[in-house]
Amino acid sequence: MGYSEIWAPWRLAYVQSEKKEEENLSALSFLDGADPTCFICQAAADVVENDAKRHVVYRGERVLVLLNRFPYNNGHLLVTPRRHVARLDQLTPDEHLELMETLSRMVRILEETIHPHGFNAGLNLGSVAGAGLPGHLHWHLVPRWNGDTNFMPVLGCVNVIPQSLDALWELLRKTLEASLERENRPFCEGKR
């Protein structure tokens, strides 16, 4: 078996851990209790027209769905309340319900769009449990395919994601819009 190369140039910023440009947050209308340094709170506060830039796939009344900027696998989504809360017991009953309905919807949308064989779905509660953003509760929804694990993560300490976030965002939005249209539901329930 010969040596082969994997070409994923869009991942260079992650590998080199480049800092993002400082963003002017004064134009955002943050929700009560939001943390202006939290990327989820920033996405919730921003206008719908910036959803592509922030990789917001869906805005519900109480819920956001974002592409994970550093995915474990292609299609890795974050399903999160719009409100900045860290614990399950801080969610309202309406938030609980909308979060679970949205997780179910996004499984269906990912199945229709990228055809995974299964999913990992879960959340990390607290830093010690692996939460990279412990202040804003979020579920990870990770599509899986038979044979999607290989030597690269173990020997190369690298994951290879075969699709850009922008391309995946476009596909998911198209599938989600069509799905919501069939259900006679608005695409964007919450403007901010």
Side-chain angles (χ1 to χ4, degrees), residues 6-14 20 23 27-29 31 38-83 94-123 132-133 136-148 159-192:
I6 298 172
W7 185 254
W10 65 274
R11 302 266 299 156
L12 184 62
Y14 172 68
K20 281 180 65 176
E23 183 175 8
L28 301 181
S29 298
L31 300 173
C38 170
F39 74 91
I40 295 172
C41 288
Q42 291 170 8
D46 208 346
V47 293
V48 173
E49 291 76 22
N50 288 335
D51 281 354
K53 178 181 94 172
R54 294 195 183 275
H55 296 115
V56 175
V57 174
Y58 173 73
R59 287 177 181 270
E61 185 177 343
R62 298 168 195 88
V63 173
L64 283 179
V65 177
L66 303 107
L67 291 172
N68 190 323
R69 291 181 290 179
F70 307 111
Y72 300 144
N73 218 345
N74 194 43
H76 183 168
L77 300 177
L78 303 178
V79 178
T80 179
R82 294 167 73 107
R83 251 181 356 109
D94 287 339
E95 286 170 324
H96 272 287
L97 179 60
E98 190 174 339
L99 282 160
M100 290 303 107
E101 288 174 342
T102 302
L103 276 164
S104 295
R105 172 178 290 117
M106 296 316 299
V107 164
R108 190 181 76 246
I109 295 302
L110 286 165
E111 287 173 335
E112 290 177 26
T113 307
I114 58 176
H115 314 290
H117 300 135
F119 294 90
N120 291 120
L123 60 151
L133 184 62
H136 203 131
L137 186 67
H138 56 281
W139 278 257
H140 291 262
L141 183 58
V142 183
R144 302 301 306 269
W145 289 266
N146 290 327
D148 68 3
N159 287 331
V160 178
I161 310 298
Q163 187 175 38
S164 76
L165 294 178
D166 294 337
L168 180 60
W169 183 87
E170 291 279 340
L171 284 174
L172 290 176
R173 289 285 287 232
K174 182 188 284 186
T175 305
L176 185 57
E177 284 181 37
S179 174
L180 291 171
E181 189 174 297
R182 287 191 303 270
E183 297 173 21
N184 289 323
R185 294 185 58 156
F187 179 71
C188 183
E189 297 181 55
K191 292 295 181 198
R192 285 192 178 264

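Between H136 and H138, the gap from one ring centroid to the other reaches at least 6.0 Å.
For the residue pair P81 and L99, the shortest heavy atom distance occurs at N-CD2, 3.7 Å. When all heavy atoms of N73 and P143 are compared, the closest pair comes out as ND2-O, 3.0 Å. The two residues F119 and L141 have their closest heavy-atom pair at CD2-CD1, 3.9 Å. Contact detail for V57 and M106: the closest heavy-atom pair is CG1-CE, 3.9 Å.
R144 is listed as a side-chain neighbour of N120, based on a closest heavy-atom distance under 4.5 Å. At a threshold of 4.5 Å between non-hydrogen side-chain atoms, the residues E111 and V107 count as touching. A heavy-atom distance below 4.5 Å is found between the side chains of L103 and W139.
Using a cutoff of 4.0 Å between basic side-chain nitrogens and carboxylate oxygens, R62 and E98 are scored as salt-bridged. Remark: R59 does not engage E49 in a salt bridge, criterion side-chain N to carboxylate O under 4.0 Å.
Under the rule for a side chain to side chain contact (heavy atoms under 4.5 Å, CB included), the partners of E183 that lie at least two apart in sequence or sit in another chain are R105, R108, S179, L180, R185. Every side chain to side chain contact (heavy atoms under 4.5 Å, CB included) that T113 has, sequence neighbours left out, goes to I109, L171, L172, T175.
Residues H55 and N68 have side chains that never bring a donor and an acceptor to within less than 3.5 angstrom of each other.
Atom-to-atom distance recorded for L77:CG and L66:CG is 9.0 Å, nearest 0.5 angstrom.
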